[in-house]
Amino acid sequence: MKHIAVIGAGTMGNGISHVFAQTGYSVNLIDISQNALDKGISTISKNLDRMIAKEKIDETVKSATLGKIATYTLLAEGIADTDLVIEAASENLEVKLKIFGELDGLCAKNTILATNTSSISITKIAAATQRPDKVIGMHFMNPVPIMQLVEIIRGYRTSDKTTQTIMKVSQKLGKTPTEVNDYPGFVANRILMPMINEAIETLYHGVAGVSEIDTIMKLGMAHPMGPLQLADYIGLDVCLSILNVMYDGLKNPKYAPCPLLVNMVNAGKLGVKSGEGFYDYSESKKAEKVSGRHL
Ligand SMILES: NC(=O)c1ccc[n+]([C@@H]2O[C@H](COP(=O)([O-])OP(=O)(O)OC[C@H]3O[C@@H](n4cnc5c(N)ncnc54)[C@H](O)[C@@H]3O)[C@@H](O)[C@H]2O)c1
């Protein structure tokens with residue numbers, strides 16, 4: 001396996017492209033938006049500069065990595081001759097079903113189709129294809145170049161061969177792949193999202209403020225980042241959508257999203273990407289607490 005395609009050049013797609021290209025794979029990065037592709041390449045370039053500044057790599061690695069990535073706006077052109085396609089487009093079931101239906105018709109028979117979905121059923125996505133044995137979840141963590149884990153999710157019909165191939169590819173990237181089965185939220189988000197939701201409930205009920213909740217979890221539980229700030233980084237819309245998938249899929253009220261989270265998303269406060277969530281990320285107030293405004 002030498003040639004791969006990544007669909008979606010956003011937060012995750014550019015990180016996934018970065019690690020594959022730095023490992024020596026040729027990467028076709030595909031997005032419907034040219035602007036997203038340009039931004040994606042610029043982010044990879046900046047992240048490589050940061051690694052140079054920390055003396056982890058040199059200029060030759062940077063130019064070799066960027067030289068391995070080609071960009072496309074047309075799916076049919078971007079997936080040509082690839083052995084593995086990793087879909088990292090928006091977290092939307094209809095979008096993913098459409099992409100996988102098209103990929104199945106366009107890709108060679110043996111191409112493995114992976115998805116980086118945070119919560120959508122791999123089995124459901126695989127059912128949009130005629131090759132459910134070759135469809136698998138490859139759930140990278142954000143930021144991809146730094147985080148060690150890849151949660152490998154086997155759909156109901158994913159084959160042993162596909163799973164073993166993807167485990168090996170992930171190891172080649174220097175990651176630690178960990179195999180799980182396909183149930184709502186998989187493992188990472190099934191455990192993480194109720195914690196984030198509970199932190200939001202704690203704020204909603206006025207038990208403590210934003211910085212107090214985050215400080216308690218950082219200093220008391222040795223978490224590198226508090227749950228509210230982590231939610232801002234993940235994206236509050238993403239957190240809400242994952243909680244809804246678990247709530248619907250597991251039929252258990254304990255996964256019901258906190259009304260405060262719903263309100264913030266409806267108000268367009270999505271965290272870092274919108275400039276404000278539990279903290280203010282505007283240039284003037286970098287990561288300051290937004291005091292009590294959501295209560
Ligand atoms: N953000 C995270 O922390 C995180 C972590 C793990 C997994 N994920 C998952 O990774 C996936 C991508 O998330 P993200 O945060 O990078 O999203 P994002 O919004 O940053 O980027 C999504 C990109 O997909 C593109 N896109 C949408 N429809 C497309 C299509 N039909 N064809 C090609 N490109 C298309 C958009 O233009 C956009 O550039 C989602 O499934 C998400 O659940 C996200």
Side-chain angles (χ1 to χ4, degrees), residues 5-19 27-44 47 71-79 82 85-103 106-107 113-122 124-125 128 135-153 170 175 177-178 180 184-193 196 225 227 229-246 265 270-274 277:
V6 176
I7 302 175
T11 314
M12 298 306 287
N14 74 61
I16 294 167
S17 302
H18 174 160
V19 293
V27 179
N28 290 0
L29 178 57
I30 307 162
D31 202 294
I32 42 173
S33 148
Q34 183 61 47
N35 185 39
L37 287 168
D38 296 342
K39 258 177 90 179
I41 295 292
S42 148
T43 302
I44 296 170
N47 288 338
T71 60
Y72 297 84
T73 49
L74 288 179
L75 189 68
E77 286 178 8
I79 53 89
T82 52
V85 180
I86 303 171
E87 172 276 317
S90 316
E91 185 76 344
N92 176 303
L93 177 63
E94 301 314 316
V95 168
K96 294 197 192 286
L97 292 181
K98 184 164 181 283
I99 290 174
F100 275 76
E102 286 174 11
L103 285 175
L106 292 167
C107 293
L113 308 180
T115 171
N116 186 52
T117 180
S118 308
S119 62
I120 295 172
S121 163
I122 308 303
K124 201 182 270 182
I125 293 173
V135 176
I136 192 161
M138 207 176 178
H139 185 202
F140 288 86
M141 304 290 135
N142 185 17
V144 183
I146 290 168
M147 298 296 280
Q148 191 67 32
L149 179 71
V150 190
E151 190 178 30
I152 306 293
I153 306 118
S170 307
K175 304 290 185 198
T178 305
V180 311
F186 317 133
V187 171
N189 282 319
R190 184 157 174 173
I191 296 171
L192 175 65
M193 285 302 153
I196 286 178
M225 193 182 269
Q229 192 173 15
L230 179 57
D232 276 355
Y233 273 88
I234 293 170
L236 301 193
D237 52 339
V238 176
C239 294
L240 177 60
S241 120
I242 297 171
L243 281 161
N244 276 329
V245 166
M246 293 198 295
V265 172
L270 309 180
V272 176
K273 65 180 150 190
S274 72

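Whatever order the structure lists them in is the order used to number ligands and atoms, beginning at 1. Heavy atoms only: backbone and side chains are in, while hydrogens, waters and symmetry mates are out.
- Summary of contacts: the protein heavy atom closest to atom 7 (C) of ligand 1 is S118 OG, 3.2 Å.
- The protein heavy-atom contact nearest to atom 31 (N) of ligand 1 is I99 CD1, 3.6 Å.
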> Hey, mind stepping through K273 and D232 against salt bridge (Lys or Arg N to Asp or Glu O under 4.0 Å) and telling me if it holds?
Replying inline: CA-CA 8 Å; K273 65 180 150 190; D232 276 355; over 6 Å; no
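- Heavy atoms of A36 found under 4.0 angstrom from ligand 1 belong exclusively to the side chain.
- Scanning the protein heavy atoms around atom 11 (C) of ligand 1, the nearest turns out to be A89 O, 3.3 Å.
- The proximity of F140 to ligand 1, defined as any non-hydrogen pair under 4.0 Å, is limited to the backbone.
- Scanning the protein heavy atoms around atom 37 (O) of ligand 1, the nearest turns out to be D31 OD1, 2.7 Å.
- At a heavy-atom distance under 4.0 Å, only side-chain atoms of K96, from C-beta outward, approach ligand 1.
- Protein heavy atom nearest atom 27 (C) of ligand 1, with residue, atom name and distance: S90 OG, 3.3 Å.
- Within the structure, the salt bridge (Lys or Arg N to Asp or Glu O under 4.0 Å) test picks out the following pairs touching residues 88-101 (sequence neighbours left out): E87-K96, E91-K96, K98-E102.
- Remark: among candidates K39, K273, E91, E87, the nearest residue to atom 41 (O) of ligand 1 is E91, based on non-hydrogen atoms.
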> Run the side-chain contact (heavy atoms from CB on, under 4.5 Å) check on F186 and I122 step by step: do they pass?
Replying inline: CA-CA 10 Å; F186 317 133; I122 308 303; 4.1 Å; yes
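- Looking at V238 against ligand 1, nothing comes within 4.0 Å, counting heavy atoms.
- With S118 as the partner, the side-chain contact (heavy atoms from CB on, under 4.5 Å) test is satisfied by one option alone out of M193, H139, M141: H139.
- Nearest residue to atom 35 (C) of ligand 1 from N189, T117, I32, V6 is I32 (criterion: closest heavy atom).
- Of the protein's non-hydrogen atoms, M12 N, 2.8 Å is the one closest to atom 16 (O) of ligand 1.
- Distance check on atom 19 (O) of ligand 1: every protein heavy atom falls at or beyond the 4.0 Å cut-off.
- Using a distance-only test at 3.5 Å, with no hydrogens or angles considered, no donor-acceptor pair links the side chain of N14 to the main chain of I44.
- At distances below 3.5 Å, at least one donor-acceptor pair connects side-chain atoms of N92 with backbone N or O atoms of V95.
- Nearest protein heavy-atom neighbour of atom 21 (O) of ligand 1: G10 CA, 3.3 Å.
- Among the atoms of N142, some N or O lies under 3.5 angstrom from an N or O of ligand 1.
- Counting protein heavy atoms only, atom 10 (O) of ligand 1 is closest to N116 ND2, 2.9 Å.
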